[in-house]
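Here is the structure we will look at.
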There are 4 protein chains.
Amino acid sequence: MSEEPAPRRRQARGERRIAQLLQAAASVFCRTGYAAASTNAIAREAKVSPGTLYQYFPNKEAIAVELGDRLLQEMRDAEGLAFERADLDLPLPELVDAVLEPVIAFNCRNPAFLALMHGSGDVPGRIAEEHEAVHESMLARVDGLIEALAPGLDAGERRRVAAMALGIVKAGLDLVLAAPEGQERDGTVAELKRALVRYLDPLLAPRELGAPRR
Amino acid sequence: MSEEPAPRRRQARGERRIAQLLQAAASVFCRTGYAAASTNAIAREAKVSPGTLYQYFPNKEAIAVELGDRLLQEMRDAEGLAFERADLDLPLPELVDAVLEPVIAFNCRNPAFLALMHGSGDVPGRIAEEHEAVHESMLARVDGLIEALAPGLDAGERRRVAAMALGIVKAGLDLVLAAPEGQERDGTVAELKRALVRYLDPLLAPRELGAPRR
Amino acid sequence: MSEEPAPRRRQARGERRIAQLLQAAASVFCRTGYAAASTNAIAREAKVSPGTLYQYFPNKEAIAVELGDRLLQEMRDAEGLAFERADLDLPLPELVDAVLEPVIAFNCRNPAFLALMHGSGDVPGRIAEEHEAVHESMLARVDGLIEALAPGLDAGERRRVAAMALGIVKAGLDLVLAAPEGQERDGTVAELKRALVRYLDPLLAPRELGAPRR
Amino acid sequence: MSEEPAPRRRQARGERRIAQLLQAAASVFCRTGYAAASTNAIAREAKVSPGTLYQYFPNKEAIAVELGDRLLQEMRDAEGLAFERADLDLPLPELVDAVLEPVIAFNCRNPAFLALMHGSGDVPGRIAEEHEAVHESMLARVDGLIEALAPGLDAGERRRVAAMALGIVKAGLDLVLAAPEGQERDGTVAELKRALVRYLDPLLAPRELGAPRR
DNA sequence: GATGAATGAGGATTCATTCAT
DNA sequence: TATGAATGAATCCTCATTCAT
């Protein structure tokens with residue numbers, strides 16, 4: 001524990017720097033989008049010099065990629081939590097609730113995530129790939145969930161349903177983030193959940209007849 | 001009839017140029033987004049010189065605004081058609097079908113429309129306003145439709161529902177445009193309609209079979 | 001007189017065009033200076049198309065050169081008139097009056113002349129040469145006049161005096177042109193004459209003792 | 001004394017850069033005038049990249065304005081010196097000498113000053129205002145001097161005389177700057193002084209020899 | 001000849017990136 | 001490592017000039 005304190009501290013310092021820079025980048029990307037965000041603006045927001053920024057990232061794209069990676073990881077954790085919580089025997093509204101809650105919370109905490117996911121057009125190659133990867137990963141999760149809920153669906157259809165469900169969630173998250181915090185936002189969250197429930201409900205294999213879900 | 005042939009022909013040429021430039025702009029915006037699209041790239045795509053572009057548009061923003069205006073007009077026409085077709089007495093699936101069909105067709109013909117609507121963060125003032133206005137106008141239409149379908153909803157709730165429905169449509173359109181034309185796309189279109197029907201159905205005033213709804 | 005009417009008329013038309021263009025150029029140069037004057041602006045001012053302008057002048061510089069030439073010729077005529085009128089036996093005030101009057105009148109009619117003469121820095125080569133030539137020619141005239149008035153001066157000194165006198169006249173003309181027409185301008189004209197008289201008076205060989213020159 | 005050496009050195013470097021850029025600008029403006037001077041040319045003359053130029057000046061106009069301001073300040077100092085030296089009891093030739101000497105010296109050191117003052121037509125707004133202000137301020141000084149020398153003149157006449165005197169000085173300075181340094185220039189300087197003395201002498205209140213003028 | 005659309009080199013300006021301190 | 005000045009390629013836009021009609 002007391003071995004090599006310098007390197008560790010150095011590393012720790014580096015990590016702090018990187019976190020600080022990524023936070024600044026998130027903030028600037030949210031405000032202006034990726035294309036219009038200048039590295040100088042990010043450095044300024046992080047209160048470091050442009051040179052320092054380039055000590056930790058080889059270029060602007062790498063910032064976005066790393067930010068995406070980290071957000072994705074956090075998102076996965078949130079999702080993981082979500083899917084852990086997701087007892088498949090729960091009635092659908094509760095299931096949706098359990099899955100969506102951490103996802104919504106995460107996106108409210110990290111609006112940059114959605115910001116980075118949108119505007120898929122105006123980004124250079126590697127980021128677009130990143131998007132693709134993130135999207136694909138989320139899609140796979142949803143796909144898995146749907147497979148569990150509706151085992152009868154064939155793969156092609158399931159994928160379409162998953163994509164649509166994910167689309168609804170993204171659209172709903174946009175609305176949630178746009179709504180002012182408070183009643184308005186809560187109402188929007190409820191609306192999103194309702195939409196998702198209604199969309200998925202007819203897919204469910206009838207589970208227990210006579211027990212109306214809601 | 002034989003009077004002033006030159007001006008007329010000239011005007012026609014000008015219109016053709018403008019159309020050609022806007023088409024090129026649409027294409028470039030789709031590929032790279034507004035912020036990253038360079039006027040030189042647009043001119044190149046239109047196979048004219050930068051100077052020619054600036055003979056018809058005072059600056060880059062004006063191109064996007066004009067393109068947005070034209071697309072919006074076409075979109076409104078499509079919507080108009082859509083809402084004309086929309087017989088409120090139709091069963092919901094048919095109603096959704098009637099409303100969505102022209103909108104989908106329009107967006108397939110003009111993918112730039114969705115491209116311009118996305119990425120609202122990284123655009124300068126006037127275009128953002130455009131976005132806002134276009135979005136608001138579409139929202140108002142949907143709101144009106146929902147008011148007709150579900151007269152019981154209070155205004156606040158209706159607006160939320162309209163926003164959610166519009167969100168679903170946009171998300172669905174993204175999927176539709178991303179799908180390769182053919183079966184895949186048709187299936188996605190069907191999925192979008194299904195999602196919308198399921199979302200809206202519970203809002204409808206319960207209707208007696210065979211009896212006119214309202 | 002009735003021979004080759006077409007060519008002549010054509011030539012006449014050409015001359016009119018050229019005059020019209022030069023007038024427009026004079027006006028634009030006065031307003032914005034040579035460097036900032038665009039050929040399109042000149043063509044617009046002349047109510048012709050840019051193409052027409054280039055039918056008569058190979059480039060922008062040629063316009064300024066031709067304008068300078070013509071103004072110079074007119075100026076020479078005015079000067080000629082001036083120097084013809086200049087009876088060397090006249091008392092100095094009357095002499096200055098006789099010489100300056102047509103020059104002032106010319107410059108009031110053609111403010112572009114002074115405009116072209118100034119700003120000797122911001123013009124490309126040929127025009128600068130033009131300036132030089134015009135200036136030199138005017139200088140020579142003044143030099144001649146001074147030689148007649150003050151035969152005792154050696155060439156070097158005479159040239160300096162001529163340059164200074166010309167400078168005073170130019171400076172005075174600027175003031176005259178800047179003054180609103182009317183009393184103000186008349187007063188400024190008088191002041192210019194006074195300045196010139198006072199400058200030259202001591203150089204004169206005493207002509208008739210006892211006849212005080214005012 | 002050893003505190004904050006970096007900021008100080010940095011500031012010093014910045015100041016040096018600005019001076020270097022302004023010097024380059026002065027040189028280019030002298031050669032080509034404001035309108036035809038390109039920022040790239042200025043940067044090249046200063047042996048820096050265009051980007052560096054824009055680190056210190058927001059745009060081309062700002063360069064001219066700052067240069068004008070600095071020259072003006074120096075000019076005012078020179079003038080101040082001039083007017084301090086100006087003992088009104090001195091005979092006119094000595095008075096003119098005292099006033100003109102620093103002004104001439106300044107303009108010989110800073111030929112850009114006159115270059116910027118000329119060509120007032122082809123410059124955009126703020127610089128033209130600068131010109132106006134500078135001119136007005138010089139005029140006011142001369143006006144004051146003349147008021148002291150010739151208290152009898154009414155304000156309108158005095159202003160005309162001041163403008164004419166200033167015009168003579170400017171014209172003379174042009175000649176001085178155009179003359180090769182050495183005898184030629186000295187002679188031209190002398191001629192300018194002579195011209196000014198002759199112009200102003202008749203305005204002076206007749207003074208009794210040996211008696212203080214005023 | 002006249003027209004005005006088209007051209008494209010060039011100018012002002014920005015910003016991702018590098019480097020001396 | 002941190003700094004921020006320096007770099008220069010790339011962008012938006014203009015305008016002298018050409019050319020198809």
Side-chain angles (χ1 to χ4, degrees), chain A residues 10 13-14 17 35-44 47-63 124, chain B residues 5-7 9-11 13-14 16-17 35-44 46-63, chain C residues 10 13-14 17 35-44 47-63 124, chain D residues 5-7 9-11 13-14 16-17 35-44 46-63:
Chain A
R10 209 173 275 151
R13 185 143 56 114
R17 268 283 124 98
S38 84
T39 54
N40 284 4
I42 294 171
R44 209 178 314 121
K47 300 185 196 250
V48 302
S49 68
T52 298
L53 185 155
Y54 279 88
Q55 202 103 42
Y56 295 98
F57 297 97
N59 53 43
K60 181 177 164 181
E61 195 182 325
I63 303 171
Chain B
R9 207 176 292 157
R10 225 165 253 154
Q11 222 169 279
R13 182 141 59 115
R16 229 177 301 134
R17 266 286 119 99
S38 87
T39 56
N40 282 8
I42 295 172
R44 210 176 313 120
K47 301 184 195 248
V48 300
S49 67
T52 296
L53 187 156
Y54 281 91
Q55 191 123 38
Y56 295 98
F57 298 99
N59 53 46
K60 182 174 157 183
E61 191 181 331
I63 302 173
Chain C
R10 209 173 274 152
R13 186 141 57 114
R17 268 285 123 97
S38 84
T39 53
N40 283 4
I42 294 172
R44 209 178 314 121
K47 299 183 197 250
V48 302
S49 69
T52 298
L53 187 156
Y54 278 88
Q55 202 104 39
Y56 294 97
F57 298 98
N59 53 43
K60 182 176 161 181
E61 196 182 324
I63 302 171
Chain D
R9 206 177 295 156
R10 225 165 252 152
Q11 223 170 281
R13 181 140 60 115
R16 229 178 301 133
R17 263 292 115 100
S38 87
T39 55
N40 284 6
I42 294 172
R44 209 177 314 120
K47 302 191 196 245
V48 300
S49 67
T52 296
L53 186 156
Y54 280 90
Q55 191 122 40
Y56 295 97
F57 298 98
N59 52 46
K60 183 174 158 183
E61 191 181 330
I63 303 172

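Every value quoted in this text rests on a predicted model; they were computed, and no experiment measured them. What you see below is based on every heavy atom in this structure, not just the backbone, and it leaves out hydrogens, waters and symmetry mates. Naming: A, B, ... by sequence-line order, numbering from 1 per chain.
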Not counting sequence neighbours, which residues clear side chain to side chain donor-acceptor pair (under 3.5 Å) with [X]? List them please.
| X | result |
| --- | --- |
| C/Ser38 | none |
| D/Thr39 | none |
| D/Arg44 | none |

Which heavy atom in [X] sits nearest to a heavy atom in [Y], and how many Å separate them?
| X | Y | result |
| --- | --- | --- |
| A/Ala35 | B/Ala35 | CB-CB, 3.5 Å |
| B/Asn40 | B/Pro50 | OD1-CB, 3.7 Å |
| C/Tyr54 | C/Asn59 | CE2-CA, 3.8 Å |
| A/Leu53 | A/Val48 | N-CG2, 4.4 Å |

Counting only side-chain N and O atoms of C/Arg17, is one of them less than 4.0 Å from OP1 or OP2 of E/dA2?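 So the side chain of C/Arg17 is within the cut-off, an N or O lying under 4.0 Å from OP1 or OP2 of E/dA2.
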Determine: side-chain N/O of B/Ser49 to OP1/OP2 of E/dT7, distance under 4.0 Å, yes or no.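 For E/dT7, OP1 or OP2 has a side-chain N or O of B/Ser49 closer than 4.0 Å.
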Dot-bracket assigned to DNA chain E with the 3.5 Å Watson-Crick/G-U criterion, [ ] for crossing and | for other-strand pairs, is .||||||||||||||||||||
Start at the 5' end of DNA chain F and walk down; is the nucleotide closest to A/Tyr56 or to D/Gln55 reached first?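 The residue closer to the strand's 5' end, by nearest nucleotide, is A/Tyr56.
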Using a cut-off of 4.0 Å on non-hydrogen atoms, how would the nucleic acid contact of C/Phe57 be classed: base, sugar-phosphate, or nothing?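 The answer is nothing, as C/Phe57 stays clear of every strand by at least 4.0 Å.
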Expressed as a whole number of angstroms, how long is the span from A/Leu53:CG to E/dA16:C1'?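 Result: 10 Å.
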Nearest-Å distance for atom pair NZ/P, residues D/Lys47 and F/dG8: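 Atom NZ in D/Lys47 sits about 14 Å away from atom P in F/dG8.
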Counting primed atoms plus P, OP1 and OP2 as sugar-phosphate and everything else as base, spell out the protein contacts along nucleotides 10-15 of chain F at 4.0 Å heavy-atom distance: B, S or - for each nucleotide, 5' to 3'. --SBBB
Atom OG1 of D/Thr52 and atom CZ of D/Phe57: how far apart are they, to the nearest 0.5 Å?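 D/Thr52 OG1 to D/Phe57 CZ: 12.0 Å, rounded to 0.5 Å.
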